[in-house]
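First up is the structure itself, then whatever we jot down about it.
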Amino acid sequence: MGIGFNPEEIDLVKLRERLRQMNDAELRSFGRNALYMTSPAANVGQGTRDSFVLQLDEARAELKRRNDLRDSKK
């Protein structure tokens with residue numbers, strides 16, 4: 001039995017807020033975990049994999065936002 005949720009069930013506003021509240025190490029760890037869950041080794045169903053792809057994309061977007069913000073302060 002899989003984890004059992006799909007991308008339509010993810011509240012993007014809440015996910016983005018949660019990612020913003022993470023420190024850099026937590027965000028990287030979250031991203032690594034999401035990346036693993038998108039791999040064939042994770043052995044999850046397609047709907048579940050899609051939800052992790054979405055989470056990975058959001059983690060990458062947050063990291064890019066932080067890096068852009070840091071670069072603009074230089």
Side-chain angles (χ1 to χ4, degrees):
M1 178 183 271
I3 293 173
F5 56 91
N6 60 47
E8 293 82 28
E9 294 175 2
I10 293 177
D11 184 338
L12 284 178
V13 174
K14 287 183 181 179
L15 175 61
R16 289 173 182 154
E17 181 59 31
R18 193 171 123 215
L19 295 174
R20 276 188 214 106
Q21 292 176 357
M22 291 180 184
N23 64 38
D24 288 348
E26 292 169 332
L27 181 59
R28 284 191 300 273
S29 178
F30 179 90
R32 280 192 300 270
N33 291 336
L35 179 61
Y36 171 76
M37 294 304 290
T38 64
S39 73
N43 195 26
V44 296
Q46 185 61 42
T48 303
R49 183 172 286 120
D50 291 346
S51 67
F52 286 111
V53 169
L54 180 63
Q55 292 176 55
L56 178 59
D57 290 345
E58 290 300 323
R60 286 175 171 163
E62 174 61 18
L63 188 57
K64 181 179 181 341
R65 185 191 70 77
R66 290 181 189 191
N67 288 334
D68 290 348
L69 185 62
R70 286 184 190 119
D71 290 344
S72 70
K73 291 183 178 180
K74 289 182 181 179

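- Both Val44 and Tyr36 are members of a single hydrophobic cluster when ILVMFWY side chains are connected at heavy-atom separations under 4.5 Å.
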(request) Please test Arg65 against Arg20 for side-chain contact (heavy atoms from CB on, under 4.5 Å), starting from the C-alpha separation and ending with a verdict. (result) CA-CA 10 Å; Arg65 185 191 70 77; Arg20 276 188 214 106; 4.0 Å; yes
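- With rounding to the nearest 0.5 angstrom, the CG atom of Leu15 is 5.0 Å from the CZ atom of Phe30.
- Considering only heavy atoms from C-beta on, Glu17 stays 4.5 Å or farther from Val13 through its side chain.
- Taken to the nearest 0.5 Å, the CZ atom of Arg28 stands 13.0 Å off from the CG atom of Asn33.
- Atom-to-atom distance recorded for Leu63:CG and Arg66:CZ is 7.5 Å, nearest 0.5 angstrom.
- We find the CZ-CD distance between Arg18 and Glu62 to be 12.5 Å, quoted to the nearest 0.5 Å.
- Salt-bridge formation is not detected for the pair Asp11/Arg16: no Lys NZ or Arg NE/NH1/NH2 atom is positioned less than 4.0 Å from an Asp or Glu carboxylate oxygen.
- There is no path of hydrophobic side-chain contacts, each under 4.5 Å, that joins Leu27 to Val53.
- Partners of Lys64 by salt bridge (charged side-chain N to carboxylate O under 4.0 Å, His left out), not counting sequence neighbours, listed by chain and number: Asp68.
- Nearest approach of Leu19 to Ala59, heavy atoms of both residues: CD1-N, 3.7 Å.
- Closest non-hydrogen pair, Asp50 versus Gln46, comes out as OD1-NE2, 2.6 Å.
- Atoms CG and CG, on Leu54 and Leu12 in that order, are 5.0 Å from each other to the nearest 0.5 Å.
- Rounded to the nearest 0.5 angstrom, Gln55 CD and Arg60 CZ are separated by 13.0 Å.
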